[in-house]
Amino acid sequence: MNLHISEHYIRHCKRHVYLLLVIVLTMLSIDLSYAENKVVLIAAKGSGIESISNRDIRRVFLGLKSADSEIVNRPVINLNNKEIYEEFLKNIMHMTEGAYKRKLVKRIFRNGSEEIKEVEMLNELNAHLTNNVGDISFVENTVFDKMTDIEVIKVLW
């Protein structure tokens with residue numbers, strides 16, 4: 001059986017292979033620096049927080065008691081980087097921003113709980129954590145290097 005493949009068909013296949021190759025290379029060339037950056041849970045040096053589970057981090061950021069509640073005081077939401085905040089909500093809280101806010105509002109109205117502090121400036125976050133030993137927050141590891149008297153409790157992702 002002799003197969004005869006036309007030149008037109010071969011050119012057509014080559015175009016598809018080239019297109020596929022361009023798509024794959026484009027996908028690989030996407031800025032991976034964001035993916036390489038880690039997000040860490042932080043507290044003031046000397047906080048005494050040595051480890052905490054993701055479950056307990058979630059409970060603390062919902063305003064609930066955790067197994068480490070005698071060491072961990074309060075959470076502080078870092079709004080300095082909206083993408084990191086949304087990833088924190090997705091990866092740790094397993095919620096969207098809207099669902100998280102609704103949960104917090106319910107807790108405040110039902111139990112009279114305190115609002116969770118939110119900060120937008122890194123220097124404000126740094127000052128708050130050093131003045132409130134035992135409070136926790138999250139930052140990108142590249143930003144952590146610019147903070148003083150703060151320690152990493154856990155790499156979140």
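A pairwise comparison of heavy atoms in G134 and S47 identifies N-CB, 4.0 Å as the closest pair. Nearest heavy atom pair, residue V133 against residue A44, reads CG2-CB, 4.2 Å.
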Output side-chain donor-acceptor pairs under 3.5 Å for residues 117-127, partner residues at least two apart or in another chain, one line each.
residue	atom	partner	partner atom	Å
E118	OE2	K101	NZ	2.8
N126	OD1	T148	N	2.8
N126	ND2	T148	O	2.8

Step-by-step side chain to side chain contact (heavy atoms under 4.5 Å, CB included) determination, N78 to I84: CA-CA 9 Å; N78 176 11; I84 297 297; 5.8 Å; no
Verdict with supporting geometry, E87 and V39, side chain to side chain contact (heavy atoms under 4.5 Å, CB included): CA-CA 9 Å; E87 287 293 314; V39 174; 6.0 Å; no
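The NE2 atom of H128 sits 4.0 Å away from the CG atom of D135 when rounded to the nearest 0.5 Å. One finds the CD atom of E50 at 8.5 Å from the CD1 atom of I153 (value rounded to the nearest 0.5 Å). Put simply, CD on E86 and OG1 on T96 are 9.5 Å apart, with the number rounded to the nearest 0.5 Å. Here L129 contributes atom CG and E151 contributes atom CD; the two are 10.5 Å apart, rounded to the nearest 0.5 Å. Here E140 contributes atom CD and L156 contributes atom CG; the two are 12.0 Å apart, rounded to the nearest 0.5 Å. Atom CG in L41 sits 4.5 Å away from atom CD1 in I136 (nearest 0.5 Å).
Under a hydrophobic clustering in which Ile, Leu, Val, Met, Phe, Trp and Tyr are joined whenever their side-chain heavy atoms come within less than 4.5 Å, directly or via other members, F109 and I116 fall into different clusters.
Within the 4.5 Å cutoff, no side-chain heavy atoms of L104 are placed close to those of F61. Put simply, the side chain of I49 reaches to within 4.5 Å of the side chain of V72, judged on heavy atoms.
Enclosure of atom NZ in K103 is not indicated, since only 12 or fewer non-hydrogen atoms of other residues, nucleotides or ligands lie within 6.0 angstrom.
The aromatic rings of F138 and F88 lie parallel to each other, with less than 30° between the two planes, well short of the 60° mark.
Evaluation of the side-chain contact (heavy atoms from CB on, under 4.5 Å) rule for R58 yields L62, M93, H94, M95 as partners, not counting sequence neighbours. For E97, the salt bridge (Lys or Arg N to Asp or Glu O under 4.0 Å) partners at least two apart in sequence or on another chain are K82.
With hydrogens and angles disregarded, a donor-acceptor distance shorter than 3.5 Å links the side chain of N141 to the backbone of K38.
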